[in-house]
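All values below come from the heavy atoms of this structure, side chains included, with hydrogens, waters and symmetry mates left out. The structure displayed is predicted, hence computed values, not measured ones. Residue numbers begin at 1 in each chain, while the letters A, B, ... track the order of the sequences.
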Amino acid sequence: MRQVPTELAAFAGWLTESNAPAAAGTSHFDSALGLAVRRWCPPALGLPAYASAEEYLEARRALGAAEVTRRLLRAAGIGTLLVDDGPLPGELLTPAELGSAAEATTHVVTRLESLAEAVADRAGRDTDAFLAELAAAIDAARARSVAFKSVAAYRHGLHLAPEPPSRAELWTAAERWLRTRRPGGRLGNEALLRHLLWSAVDTGLPLQLHTGIGDSDLRLHNADPALFTDFVRAAAPTGCPLVLLHCYPFHRQAGYLASVYPQVYADLGLTLSQVGGRAPVVLAETLELAPFSKVLFSTDAYGLPELYLVGARQFRWALSEVLTGATWPAADARRATAAIGAGNAHRLYRLPAAPS
Amino acid sequence: MRQVPTELAAFAGWLTESNAPAAAGTSHFDSALGLAVRRWCPPALGLPAYASAEEYLEARRALGAAEVTRRLLRAAGIGTLLVDDGPLPGELLTPAELGSAAEATTHVVTRLESLAEAVADRAGRDTDAFLAELAAAIDAARARSVAFKSVAAYRHGLHLAPEPPSRAELWTAAERWLRTRRPGGRLGNEALLRHLLWSAVDTGLPLQLHTGIGDSDLRLHNADPALFTDFVRAAAPTGCPLVLLHCYPFHRQAGYLASVYPQVYADLGLTLSQVGGRAPVVLAETLELAPFSKVLFSTDAYGLPELYLVGARQFRWALSEVLTGATWPAADARRATAAIGAGNAHRLYRLPAAPS
Amino acid sequence: MRQVPTELAAFAGWLTESNAPAAAGTSHFDSALGLAVRRWCPPALGLPAYASAEEYLEARRALGAAEVTRRLLRAAGIGTLLVDDGPLPGELLTPAELGSAAEATTHVVTRLESLAEAVADRAGRDTDAFLAELAAAIDAARARSVAFKSVAAYRHGLHLAPEPPSRAELWTAAERWLRTRRPGGRLGNEALLRHLLWSAVDTGLPLQLHTGIGDSDLRLHNADPALFTDFVRAAAPTGCPLVLLHCYPFHRQAGYLASVYPQVYADLGLTLSQVGGRAPVVLAETLELAPFSKVLFSTDAYGLPELYLVGARQFRWALSEVLTGATWPAADARRATAAIGAGNAHRLYRLPAAPS
C-alpha cells in the first residue's frame with residue numbers, strides 16, 4: 001500500500017485475517033506470523049533479525065514507505081508476480097507499480113466475484129443486461145489474465161452443487177440478487193457462484209479457489225476442499241486446471257485431491273506465512289500425498305510489503321527444511337525445488353518466460 | 001478421589017475416556033497417557049521415572065491415598081485451581097479439600113448442564129417453576145464462579161442454532177423434557193442447551209466449551225469447534241469470552257478461531273496429557289495460528305491426583321520444547337511462557353492475585 | 001501380478017490411487033511413494049538405494065517378473081499374509097501363488113461388496129434367490145476367511161444409518177438394484193451395504209472397514225471414521241471387532257475411536273507407504289490416542305510386489321523411529337513392537353500360529 005500505518009496496533013492489524021481489533025491486553029504481533037515478520041524483515045531495513053516491533057516500526061518511519069516497499073519487495077527475489085485484481089484499488093499499489101517496485105514481471109489474476117459485482121454496479125437491475133455484460137467481462141478478462149480466482153468457499157462454502165445452473169435457475173437467481181442488492185453488495189448466491197465457476201472453467205484458464213483459512217467471514221468447515229470433489233469430477237472433461245489455495249488445516253485433503261485428480265494443484269499461499277516456525281511441517285504434510293509436480297508457491301501477500309518478503313523466505317526455508325529432513329537424493333531435491341518454486345507455475349499458467 | 005483403586009485394571013480405567021473395559025488382552029495403561037503417568041509420577045512417590053505400573057501401585061498402597069494425593073498435587077506446583085463442579089460429589093474431594101491438599105487457591109467453574117439437571121430434580125414437572133429456578137440458579141452461580149462451562153458438544157453437538165430460543169420454543173422444550181425425564185436424567189435438548197449457553201453469555205463471565213475429544217458418549221465430528229462459528233459471531237456483541245477446551249483433533253481449527261475472533265481462547269486441557277510424548281507437537285500445531293495471548297493451560301484432571309501432576313508436567317515440558325524448537329528470541333519465549341502458563345488465565349478469569 | 005509393466009509411465013501408474021494418467025509434464029513417480037519405492041526396492045535387485053526409476057526398471061526387465069516378485073516378497077519378511085479376495089482375479093497372483101512366492105502363510109479376507117456382486121451376477125433378477133444365496137455365500141465365506149472387509153466408505157460413505165435394514169427395506173432395495181444393474185455392476189445402495197455390514201457383524205469374524213484415502217471414486221469427507229460412531233455403538237453388543245483401515249487424514253479420529261471403544265482397531269494399511277518419508281509422523285499421530293494394543297500392521301499391497309516390500313520396510317522403519325523418538329523404556333518399546341507388528345493381529349484374527 002502507499003502509506004503503511006506506523007502505529008504498532010494499526011500495523012499489527014495487517015498481520016491477521018481477523019476484522020476485529022486484538023483482544024484486550026494482546027497484540028496481533030504476538031503470533032507466529034508476527035515472529036516471522038521479525039525474523040525476516042528487519043535485516044532488509046538494516047536491523048538485526050528479531051528486532052523488536054517498536055524498533056522495526058521506528059526504522060520503517062525513518063526510511064519512508066516508498067523506500068521500505070522497494071527494499072522489502074526486492075529482497076523477496078520474486079521474478080514473476082501474479083496479482084489478484086480483487087482487492088479494491090486506491091490505497092494499494094497497482095500491479096504495474098508493484099512490478100516496478102519489485103523488479104518483477106506481473107500478470108493479472110481476475111477475481112470472479114469482484115468482476116460480477118462490478119458488472120452489477122453498472123447493470124443496475126436489468127437481469128438480461130447483467131448476464132450479457134458478465135459474459136463479455138469474463139471474455140475480456142480471459143484475454144488479459146493468466147488465471148481466474150474464486151472465493152466461493154467463503155461466500156457460500158465448497159459444498160455447492162457440482163453442475164452449472166440451468167438457464168432458468170441462473171436468471172431467477174440473478175434477478176433476485178440484482179433486485180435486493182445495494183451498490184457494492186457482495187455476491188453470495190449459490191447459483192450465481194456456480195455460474196461464475198463454470199464460466200471460468202469454460203475459458204480453459206486455470207481457476208484458483210480459496211479453501212481453508214481466510215478472513216473472519218468464513219465457516220471453516222465449509223471450506224474443506226474435499227467438499228469440492230464432485231465439482232472437480234464434473235469439471236474434469238474440460239481439462240481446466242484447478243488450484244486449491246491456502247488449504248490449511250485441510251492441506252492433507254488438498255494433497256489427496258492433487259494426488260488423484262490430474263487437474264488439481266495445491267498452493268499453500270498465505271498458510272506458510274501465517275504458521276511461522278511451523279511452515280516446514282505444514283509443507284511436509286501437504287507433500288505426504290501431493291506429488292511435487294502438483295504443488296505451487298505463492299505469498300498471497302496483501303497490503304504490507306513485508307508479506308511478500310515473509311512469504312518468499314518462509315517458503316524457501318520451509319522447502320529446504322523439508323528436503324533436507326527427508327532422505328531425498330540431492331538431484332531429486334533440486335528437481336523438486338525448481339518445480340515447486342517456479343517450474344510448475346510456469347507450466348500451469350503458461351507464463352511466457354521459462355524460470356531462470 | 002478419596003480412595004483410588006489400587007488394582008491395576010481399575011486404576012488404568014481412570015486413564016481412559018472410555019466407559020468400557022479394555023479389550024481382551026490389553027490394558028488402558030498401554031497408551032500414551034499410561035506412559036506419561038509412568039514418566040512423571042513415580043518420582044513423587046520415591047520411585048524412578050518409568051517404574052512399572054505394578055511397582056507404582058505397590059508404592060501407592062504403601063503410602064496410602066491421602067499421602068499420595070498430597071504428594072502428587074503439591075509436586076504439580078499449581079498455584080490456582082479452577083474446579084468444575086459438574087462431576088458428582090461424594091467419591092471426589094470437594095474444591096476446598098482439593099485446594100488444601102494442593103496448597104492452591106481454588107475457584108469454581110459452574111457446569112451449566114449439571115446445574116439445570118439439579119434444578120429439574122427439584123422443580124419436578126412444573127415448567128414455569130423450572131425456568132424461574134434455573135434463572136435464579138444461574139444468577140447465584142454467577143456470584144460464586146469465575147466461569148461457566150458447557151458440554152453441549154457431547155450432548156447435542158456444536159452444530160446448534162446460533163440464536164437464543166424464543167420464549168415459546170424454550171417453554172415447549174422445557175415442558176417436554178421435564179415430562180419425560182427421570183430424576184438424574186441428562187439434558188440433551190438443543191433448545192434448552194442454547195438457552196443455557198445464552199444465559200451464561202448474558203452474565204458476562206467467561207464460558208468454557210468442551211470441544212473435540214471427550215468420553216465415549218460423543219460423536220467426534222459434531223464436536224469440531226468450527227461448527228460453533230455462527231454462535232461465536234452471534235455472541236460477539238456481548239463481549240463474553242469463549243474458551244474452547246480440549247479441541248483435539250480440531251486444535252488447528254480452534255487456533256484459527258482464536259486468531260480471528262477476539263473473544264475466543266483455546267485451552268487444550270486433557271489433550272496434552274492424553275497424547276503423552278506428542279504433547280509438544282499438538283501444542284505447536286495449536287500455536288500455528290493462535291496468538292500466544294489466546295492460549296491457556298489446564299489439566300482437566302479428574303479422579304486421579306496423578307492427572308494433576310501429569311497435566312502440569314506435560315504442559316511445562318511441551319511448552320518448553322515448543323519454544324526451544326522454535327527460533328524465538330529468549331525474551332519473547334519468556335513472555336509467551338508467562339502468558340500461556342498463568343497470565344492469560346488471570347486476565348481472562350479476572351483472578352484476584354497476579355501470578356507470581 | 002504376473003506381468004508388471006516395464007514402461008516407466010505404466011509402472012508409475014501402479015503407484016497412485018488415481019485412475020487417471022499423470023498431469024502433463026509430471027510422473028506418478030514424483031511422489032512420496034515413488035521415492036519410497038526407490039529407497040527400499042533397488043537393493044533387492046542388486047542396485048543401490050535411490051537408483052533412478054529408469055535403472056530400476058532396466059534391472060526389473062533383466063531379471064524377469066517371476067524372479068523379481070520372489071525377491072521382493074521374500075525381502076519383505078512377512079510371515080503371514082491376509083489376502084483380500086476382492087480384486088478381480090486373472091492378472092493377479094492367487095493367494096496360494098502369493099504365499100508360495102513370499103514363503104508366507106496366507107489367509108483369506110472376504111470383501112463383502114464383491115461377494116454380493118458375484119451373487120447378483122448368478123441370481124439375475126430374482127430378489128428372493130439373491131437374498132438367500134447371499135446369506136449362504138456369507139456363511140460359506142465365514143468358514144474359509146479370517147475376516148470380512150467392506151468398502152462402504154467409498155460406495156456410499158460412512159454416514160449410513162446404524163441399524164440393519166428392515167426386511168421390507170432390504171427386499172425393496174435388493175429388488176431395485178437387481179432390476180437396474182448390469183452384470184458386473186457395483187453395489188452402492190445404502191440399505192444393501194448396511195445389510196452386508198450387519199451380516200458380517202453377525203458372524204463374529206473381525207470386520208475391516210476402508211476409511212480415509214482410497215481411489216478416486218470416494219468423497220474423502222464421507223470416509224471420516226468418526227461418521228461411523230453410531231454403527232460402532234450399535235454393533236458393540238455383538239463383540240465383533242471392527243478394524244479401521246487406511247484412516248488418513250483422519251487417523252487421529254481413528255485413534256480416538258480405538259481408544260474409547262474396546263472393539264475398534266486401527267490399521268494404517270497403505271497410508272504408511274503412500275506418505276513416504278513422513279510415515280513415522282503419521283504413525284506417531286495415530287498412537288497419540290490409540291493404545292498400542294489396538295494398532296495393526298498391513299501393507300495393503302496390490303498389484304506390484306514392490307508394494308509389499310515398501311509396506312513392510314516403511315512400517316518397521318516408522319515404528320522404530322516413533323519408539324526411538326519417544327522416551328519409552330526399552331522393554332516397553334519391545335513389547336509395543338511385538339504387539340503392533342504381529343501380536344495384535346494374531347490375537348484379533350485368531351491366527352493359528354503364534355508370531356515367532
Quick check on A/Leu218 against chain B: is it the side chain, the backbone, both or neither that has a heavy atom closer than 4.5 Å? both
To the nearest 0.5 Å, atom CZ of A/Arg278 lies from atom CG of B/Leu289 at 11.0 Å
By a 4.5 Å heavy-atom criterion (distance strictly below it), what part of B/Tyr256 contacts chain A: side chain, backbone, both, or neither? side chain
Is it true that, when you exclude B/Arg233 itself, more than 12 heavy atoms of the residues, nucleotides or ligands shown sit nearer than 6.0 Å to its CZ? yes
Side chain to side chain, A/Leu220 and B/Pro225, heavy atoms closer than 4.5 Å: no
Quick check on A/Asp224 against chain B: is it the side chain, the backbone, both or neither that has a heavy atom closer than 4.5 Å? neither
Given a strict heavy-atom distance threshold of 4.5 Å, which part of A/Phe29 is in contact with chain B: side chain, backbone, both, or neither? neither
Nearest-0.5 Å distance that lies between atom CZ in B/Phe250 and atom NE2 in A/His221: 11.5 Å
Non-hydrogen side-chain atoms of A/Arg38 and B/Pro329 separated by less than 4.5 Å: yes
Which pair of non-hydrogen atoms, one from A/Tyr248 and one from B/Glu288, has the smallest distance, and what is that distance? OH-OE1, 2.6 Å
Specify which of B/Asp332, B/Leu257, B/Leu287, B/Val281 makes the most heavy-atom pairs with chain A at under 4.5 Å. B/Asp332
